[in-house]
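Values reported hereafter were calculated over all heavy atoms of this structure, with side chains retained and with hydrogens, waters and symmetry mates removed. Indexing begins at 1, ligand by ligand and atom by atom, following the structure's order. From a predicted model like this one, the values you see are computed outputs, not experimental measurements.
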Amino acid sequence: MLSKKMEKALNDQIRIEAESSQVYLSMASWAEVKGLEGISLFMYKHSDEERLHMLKLIKYVNERGGKSTISALKEPKAVFDSFQKMFEDLYDHEVFVSKSINELVHVALEEKDYATHNFLQWYVAEQIEEEALARTILDKINLIGNDKGGLYLFDRDVQQITVESAAAGAQQ
Ligand code: FEO
């Protein structure tokens, strides 16, 4: 059985994951309208993943005798100054989510809720990957700058940028 404090903290995270899904959906739509199909598909996929992160939390809260809250969401940013800016936002957003997951882990320890602590380890590992991926993409987009040809190639290849290639890049 979840404590009230743990339940509230998990419900806050449900909202954050739902808002993350909206943030990336908005980026996907903006990129699609701008004609960058690869980046758009990448963002649509990322948005779907965030929805799965949210669903996993909803199921967990309900399974543990709590009640998950499906709340209103903050409207995401709809327009970006540039692709560089958009990927900066993505990286910053993932850093924010990591902090929030760390806070949740802290609450689980405070509440001596070791089942939730164990459940949250999946999110801890996921955030390491998501931050690494966001960092790799941001590094690449910063190299490209305003070069249109570079952006075209990046749009073609962005689907291939995975966590594994991010890790390989970090080792070089
Ligand atoms: Fe569910 Fe990208 O954090």
Side-chain angles (χ1 to χ4, degrees), residues 2 6-32 36 38-64 66 68-78 80 83-109 113 115-142 154 157-170:
L2 294 172
M6 194 74 253
E7 184 185 27
K8 175 165 185 330
L10 288 165
N11 272 323
D12 286 345
Q13 192 63 33
I14 287 172
R15 182 183 38 75
I16 287 172
E17 299 292 347
E19 284 176 348
S20 300
S21 181
Q22 295 295 89
V23 164
Y24 299 136
L25 191 58
S26 181
M27 290 177 178
S29 176
W30 185 76
E32 190 164 51
L36 289 177
I39 293 174
S40 168
L41 285 173
F42 176 85
M43 290 298 182
Y44 277 124
K45 193 163 152 269
H46 205 135
S47 172
D48 286 346
E49 279 174 19
E50 299 300 347
R51 181 175 158 77
L52 292 177
H53 297 173
M54 174 196 71
L55 286 173
K56 201 175 162 85
L57 279 158
I58 289 173
K59 298 273 181 202
Y60 179 76
V61 169
N62 292 344
E63 267 168 26
R64 292 287 316 284
S68 48
T69 311
I70 312 301
S71 54
L73 306 177
K74 202 162 65 185
E75 189 176 341
K77 198 163 154 183
F80 302 88
F83 282 95
Q84 207 165 351
K85 270 272 172 224
M86 186 182 78
F87 282 106
E88 264 170 33
D89 282 3
L90 183 145
Y91 177 72
D92 290 347
H93 189 77
E94 286 305 330
V95 170
F96 160 74
V97 174
S98 294
K99 279 194 186 135
S100 161
I101 294 288
N102 281 346
E103 199 46 48
L104 258 183
V105 172
H106 182 69
V107 174
L109 286 176
D113 185 342
T116 300
H117 183 268
N118 189 46
F119 167 79
L120 289 173
Q121 295 314 301
W122 183 86
Y123 287 85
V124 171
E126 182 70 14
Q127 281 314 119
I128 293 171
E129 290 187 358
E130 295 226 336
E131 270 192 45
L133 182 62
R135 180 84 255 167
T136 302
I137 290 180
L138 189 55
D139 285 347
K140 284 190 195 297
I141 208 97
N142 281 340
F154 176 79
D157 296 339
V158 68
Q159 303 293 333
Q160 269 72 55
I161 302 172
T162 60
V163 173
E164 285 76 28
S165 69

Atom 2 (Fe) of ligand 1: protein N, O or S atoms [distance under 2.8 Å]: Glu50 OE2, Glu94 OE1, Glu94 OE2, Glu130 OE1

Ring centroid separation Phe154 to Phe87 under 6.0 Å: yes

N-O pairing of Asp157 and Lys140 below 4.0 Å: no

ring-ring contact (aromatic ring centres under 6.0 Å, His included) partners for His53, two or more places apart: Trp122

Residues, nucleotides or ligands: over 12 heavy atoms within 6.0 Å of Arg51 CZ: no

Results of ring-ring contact (aromatic ring centres under 6.0 Å, His included) for Tyr44 - residues two or more places apart only: none

Sequence neighbours excluded, every pair satisfying salt bridge (charged side-chain N to carboxylate O under 4.0 Å, His left out) that has a member inside residues 85-98: Lys77-Asp89, Lys85-Glu88

